*Asks:* 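Mind having a look at this structure? Questions to follow.
Chain A is the first sequence line, chain B the second, and so forth, proteins listed ahead of strands; every chain is numbered from 1. Since this is a predicted model, take the numbers as computed values, not measurements.
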Amino acid sequence: MSQEMDKIYNPKESEEKIYQMWEGKGYFTPKIEKGKKPFGKDQGKPFTVLLPPPNANDPLHMGHALFVVEDILCRWHRMKSEPVLFLPGTDHAGIETQYVFEKRLKEQGKSRFDFDRDTLYRMINDFVEQNRGVAKIQMKKLGFGLDWTRERYTLEPAILETVFATFRKLHEDGLIYRNDGIVNYCTYCGTAFSELEVEHIEKDDFLYFLDYGAISIATTRPETIFADTAVAVNPKDKRYKNLIGKTAFMPITNKELLIIADDLVDMEFGAGALKITPAHDSADFEIGKKHELEPVKIIDTNGKMINVPEKYLGLYAKQARQAVLGDLKAAGKLTKTEPLRHSVGICYRCKNIIEPLAMPQWFIKIAPLAKPALEAVKKEKIKIIPKRFEKLYLQWMENIRDWNISRQIVWGPRIPAWYCLSCNPDIVVSFVSEKGEKVFGKYQDIKKQYDFAEIKKGLQSLTAPKDAVFFLDETPCEKCKSTDILQETDTFDTWFSSGQWPFTTLLASRGSNSKFKMQSSKLRNNLDYTTEDFEYFYPTSVLDTMWDILFFWVARMIMLCIYVTGKIPFEVAHMHCRVVDKKGQKMSKSRGNVINPIEMVDKYGADALRMALVFSSAPGSDVCLGEENFLAMRKFTNKIWNAARFVLSAAEQNGNHKLQTINYKLAPQTEADKQILKTLDETVKEITKDLENFYFHEAAQKIYHFFWHTFCDIYIEQAKKQIAEGDSRQKENTCQILLYVLRESMKLLHPFMPFITEQIYQMLPNKDAEALIIAPWPRV
RNA sequence: GCGCGAUUAGCUCAGUCGGUUAGAGCGUACGGUUCACAUCCGUAAGGCCGCAGGUUCGAUUCCUGCAUCGCGCACCA
């Protein structure tokens, strides 16, 4: 045996073969024994983990490699002979993917507006399909023990059916509404966002004081004066008390504006008087609503000026600001300019400034969903680790706001709502005509020129008024029987579907209705919520992810899963650390400090990569990684390999033929014998406890230290003497202890470094299972 | 503005009920081995555990304040 072992461990040669062996033998696919209750006596409760689905269009980055935490848990539980399901999948990642794709379009000198939505959707789909397999191969390379027979994708019909059914249920429960408020719109990404996708940054700007006739106001956005519908002061403000109800005049246009009073106005700030621009500011919108002011829109979804004096028409808001300022100055209406540092909202994706726009969006009334989700964590039905994230979660949940789930992009499941054009003639459509022109306008204005079929075929988007009547089925209009109906063009926020991942995946095993099509179809009314997988594996055991998506994903999952299934989605939410570079900086392409996990696997082996990741990473913090970390762990793999090489050759030379039994009774003879067995027992105890407590880094460090310094440096050195100097009984006994400690060490190490440990285990004469992956976890 | 973290060796980080001599990886210096180990082993240097108070027999650990950095939340035009 030892003659076959090279002096150095070569991961490349063994890793792929071993993975194929595991997968081929079905170790990743748990057995559900029919007739036995999952919690029954004969079978332990299954251990279930869902892999947070990576973006389907993207290769893995170092962050994904940290899912090794889940693999460690799964492998450990599998060795404790529990049925284990570790379920893989990928996410269509709506805005992220479309953003990447649009960049490619731009490189070709094109934009999304050159295509009708069906064509664009197909193009993105093709792009994603080309890349979708990459992540799968990579996850196998990392050694993740995933059940590939249950692989899922957020856009597969069996998943979408359930997602749409949830939407229908929400609607039936009165929890879906279309708003008429201000939404966070990114004119660069071309879509509205929920408040979570808005980041706030401090920005140095100017506060401009403008002469409004009877009163002077202060604003940072002079270009929006044309959208003013009033001027507001605080009712308690003595300076302006006598002006309330009087008239102010908008500079440049001289439009009359009523001076109103509202508590929201801060007397201390600026001039203590505020111009009210309901269509382009959320606070103004609220004030406007109270005072029944009709919003005037002057910025469109491209960020360009509309409904303004001709000279500003079509300018971007930023350009318009300079132009308007110049004219205000010339007219003597700009009385003062002060520097101002304030916070502005920017798009988390493209970092451009968010434009608050008044436009209808689909919202979920979230309070009824948040309440049980809050309780679940408060009552510790769900534990969030580390604990401090629990505080964050509770804080956010207690102040949660309704969730905008509609996005004006094509890449994603289209919201299953249909409008009758005859009943909603005010619907605005934009489409590409058969001649290839881009047409935009109210349906009632353009229907004479273009017939319905042409509009439907070239449709890019539609904007329905807030109160538009819609149906949840693609059927002729219930009212007027018209067949001129169009589906909503908004798509779901990606998190709306990934927020349902724990049950959509487990329900998907029922298959899907063959008539079901992805983009437009009826919802199935009576979905089967009783699949074997769902009954057996739900709720799942542990969810592990990075803390940056605690609200985006974890919180939404808890809410949606409890709402739909009545049960919590997982018992533990574990937040793993963030991978940063050697200097503590976030890894990003633009910084050029990205370490590709697959390159590291090729260079140092998957085991070294995995061990390096968990070795120095406390949960919820940052782990700084440089190549030296992987190098250090490759040295460790080599150490393991050579220790095994020594033990096996020593055993062989000292009566291997006698060592075939696994039941050899260990009889420690020397002090060293006693010590190593005692320390092994202690290590087993500690590591088991660490794993129970999610102290992965502690466990990793302990097994590292035990193997290298206690076993190799001390015991093996001692064993050499015992073999050289002892009698035949001691020789044999020493070899037995060496083999035993090696075997148990391989077990302890296996969750962390699965490949090399399995490889060595297969060579052992004292195996106690056909493969290490299913060998019994050491007990004390 | 409110809240949450962090501050420990030259660097990057651990340190789970308060308890003897505060640890690891990498780096540095010296010695050894080359018949398990593209290496490995041994030894060493290096720490006011951010600062100031408090509780305690005893504080890196618990409490208060401060400083610096990071993050989350927040409609100040």
*Asks:* Round to the nearest Å and state the distance from A:Tyr393 atom OH to B:rG5 atom C1'.
*Replies:*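 In whole Å, B:rG5 C1' lies 21 Å from A:Tyr393 OH.
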
*Asks:* Taking the P atom in each of B:rG58 and B:rC48, what is the distance between them to the nearest angstrom?
*Replies:* 23 Å

*Asks:* With syn defined as a glycosidic angle within 90° of 0 and anti as everything else, classify B:rC17.
*Replies:*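 You should classify B:rC17 as syn.
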
*Asks:* So what's B:rC51 paired with, Watson-Crick or G-U wobble, going by both distances under 3.5 Å?
*Replies:* B:rG65

*Asks:* Hey, are A:Trp403 and A:Asp493 close enough side-chain-wise for a donor-acceptor pair under 3.5 Å?
*Replies:* yes

*Asks:* So, A:Glu338 versus A:Tyr208: side-chain donor-acceptor pair below 3.5 Å or not?
*Replies:*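 Per modelled atom types, A:Glu338 and A:Tyr208 side chains form no pair under 3.5 Å.
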
*Asks:* What is the separation between atom CG on A:Asp622 and atom C1' on B:rA6, rounded to the nearest whole Å?
*Replies:* 10 Å

*Asks:* Identify the nucleotide, in any strand shown, that forms a Watson-Crick or G-U wobble pair with B:rC35, with both distances under 3.5 Å; if there is none, say none.
*Replies:*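 With both distances under 3.5 Å required, B:rC35 matches none.
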
*Asks:* Rounded to whole Å, how long is the line connecting atom CD of A:Gln701 with atom C1' of B:rG25?
*Replies:*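 Taking atom C1' of B:rG25 as the reference, CD of A:Gln701 is at 9 Å.
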
*Asks:* For the residue pair A:Arg221 and A:His280, what are the closest heavy atoms and their distance?
*Replies:* NH1-O, 4.2 Å

*Asks:* Can you give one letter per nucleotide of nucleotides 69-77 of chain B, 5' to 3': B if a protein heavy atom sits under 4.0 Å from the base, S if only from the sugar-phosphate, - if neither?
*Replies:* ---SSSBBB

*Asks:* Parallel, tilted or perpendicular: which one describes the rings of A:Trp708 and A:Phe636, with boundaries at 30° and 60°?
*Replies:* parallel

*Asks:* For B:rG58, give the paired nucleotide (Watson-Crick: N1-N3 plus N6-O4 or O6-N4; G-U: N1-O2 and O6-N3; both under 3.5 Å), or none.
*Replies:* none

*Asks:* Considering only nitrogen or oxygen atoms on both sides, find all protein atoms under 3.5 Å from nucleotides 35-44 of chain B and state each distance.
*Replies:*
| unit_1 | atom_1 | unit_2 | atom_2 | d |
| --- | --- | --- | --- | --- |
| B:rA36 | O3' | A:Arg645 | NH2 | 3.0 |
| B:rA36 | O2' | A:Asn642 | OD1 | 2.5 |
| B:rA36 | O2' | A:Arg645 | NE | 3.2 |
| B:rA36 | O2' | A:Arg645 | NH2 | 3.1 |
| B:rA36 | N7 | A:Lys720 | NZ | 3.1 |
| B:rA36 | N6 | A:Glu717 | OE2 | 3.0 |
| B:rA36 | N3 | A:Asn642 | O | 3.1 |
| B:rA36 | N3 | A:Ala643 | N | 3.4 |
| B:rC37 | OP1 | A:Lys7 | NZ | 3.2 |
| B:rC37 | O4' | A:Asn642 | OD1 | 2.8 |
| B:rC37 | O4' | A:Asn642 | ND2 | 3.1 |
| B:rC37 | O2' | A:Asn638 | ND2 | 3.2 |
| B:rC37 | O2 | A:Lys639 | NZ | 3.0 |
| B:rC37 | N3 | A:Lys639 | NZ | 3.0 |
| B:rC40 | O3' | A:Lys639 | NZ | 3.3 |
| B:rC41 | OP1 | A:Trp708 | NE1 | 2.2 |
| B:rC41 | OP1 | A:Asp713 | OD1 | 3.3 |

*Asks:* Quick check against the 3.5 Å criterion: does A:Asp402 have a side-chain atom that pairs as donor or acceptor with the backbone of A:Ile366?
*Replies:*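 Yes.
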
*Asks:* Provide, to the nearest angstrom, the distance between the CG atom belonging to A:Leu394 and the P atom belonging to B:rC4.
*Replies:*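 The answer, rounded to whole Å, is 13 Å.
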
*Asks:* Please work out if A:Lys387 contacts a base, only the sugar-phosphate, or nothing of the nucleic acid, heavy-atom cut-off 4.0 Å.
*Replies:* nothing

*Asks:* In this structure, how many angstroms lie between the C1' atom of B:rA6 and the CZ atom of A:Phe389, rounded?
*Replies:* 12 Å

*Asks:* Could you please name the partner base of B:rA44, counting Watson-Crick and G-U wobble pairs only when both distances are under 3.5 Å?
*Replies:*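 Its partner is B:rU28 (Watson-Crick or G-U wobble, both distances under 3.5 Å).
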
*Asks:* With a 4.0 Å cut-off on heavy atoms, is A:Tyr704 in touch with a base, just the backbone sugar-phosphate, or nothing at all?
*Replies:*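 Contact class for A:Tyr704: sugar-phosphate only.
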
*Asks:* Work out how far the C1' atom of B:rA6 is from that of B:rU12, and round it to whole angstrom.
*Replies:* 14 Å

*Asks:* Whom does B:rG23 pair with, Watson-Crick or G-U wobble, provided both distances fall under 3.5 Å?
*Replies:*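 Pair assignment: B:rG23 / B:rC13.
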
*Asks:* Has A:Thr335 got a side-chain atom pairing as donor or acceptor with A:Asp211's backbone, closer than 3.5 angstrom?
*Replies:*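 No; zero donor-acceptor contacts below 3.5 Å.
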
*Asks:* Please find the pair of heavy atoms, one from A:Ile287 and one from A:Ile260, that lie closest to each other, and give the distance.
*Replies:*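 Nearest pair, atom of A:Ile287 first, then A:Ile260: CG2-CD1, 4.1 Å.
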
*Asks:* Expressed in whole Å, how much space separates the C1' atoms belonging to B:rG5 and B:rG50?
*Replies:*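 Going atom to atom, C1' in each nucleotide, I get 15 Å.
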
*Asks:* So A:Phe285, base contact, sugar-phosphate only, or nothing? Heavy-atom distance under 4.0 Å.
*Replies:* nothing

*Asks:* For the backbone of A:Phe552 and the side chain of A:Arg556, can you confirm whether one donor and one acceptor N or O come within less than 3.5 Å of each other?
*Replies:*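 Yes, the answer is positive, given that a donor and an acceptor are paired below the 3.5 Å cut-off.
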
*Asks:* Between B:rU8 and B:rG15, how far apart are the C1' atoms? Round to whole Å, please.
*Replies:* 9 Å

*Asks:* Could you give the distance separating B:rU43 and B:rG25 at their P atoms, to the nearest angstrom?
*Replies:*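 Taking atom P in both B:rG25 and B:rU43, they lie 13 Å apart.
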
*Asks:* Nearest whole Å is fine: how far is B:rG5 P from A:Met546 CE?
*Replies:*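 Checked: the CE to P distance equals 18 Å.
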
*Asks:* Considering Watson-Crick and G-U wobble pairs with both distances under 3.5 Å, what does B:rG18 pair with?
*Replies:*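 Matched B:rG18 with nothing under the 3.5 Å cut-off.
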
*Asks:* In whole Å, what separates the C1' atom of B:rU61 from that of B:rU56?
*Replies:*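 The answer is 13 Å between these two C1' atoms.
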
*Asks:* Using atom C1' in both nucleotides, what's the gap between B:rA9 and B:rC26 to the nearest angstrom?
*Replies:*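 The same atom, C1', in both gives a distance of 12 Å.
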
*Asks:* With a 3.5 angstrom cut-off on both distances, give the Watson-Crick or G-U wobble partner of B:rG3, or none if there isn't one.
*Replies:* B:rC71

*Asks:* Taking atom P in both B:rU39 and B:rG27, what distance in whole Å separates the two?
*Replies:* 11 Å

*Asks:* Identify whether the distance between the nearest side-chain nitrogen and carboxylate oxygen of A:Glu398 and A:Lys378 falls below 4.0 Å.
*Replies:* yes

*Asks:* Give the rounded distance in Å between these two atoms: NE2 of A:His705 and P of B:rG23.
*Replies:* 11 Å

*Asks:* May I ask you to decide whether A:Lys12 forms a salt bridge with A:Asp602, counting only side-chain N to carboxylate O separations under 4.0 Å?
*Replies:* no

*Asks:* With A:Lys255 as the cation and A:Phe226 as the aromatic partner, state whether NZ or CZ is under 6.0 Å from the six-membered ring centre and within 45° of the axis.
*Replies:*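 No, A:Lys255 does not lie over the aromatic ring of A:Phe226.
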
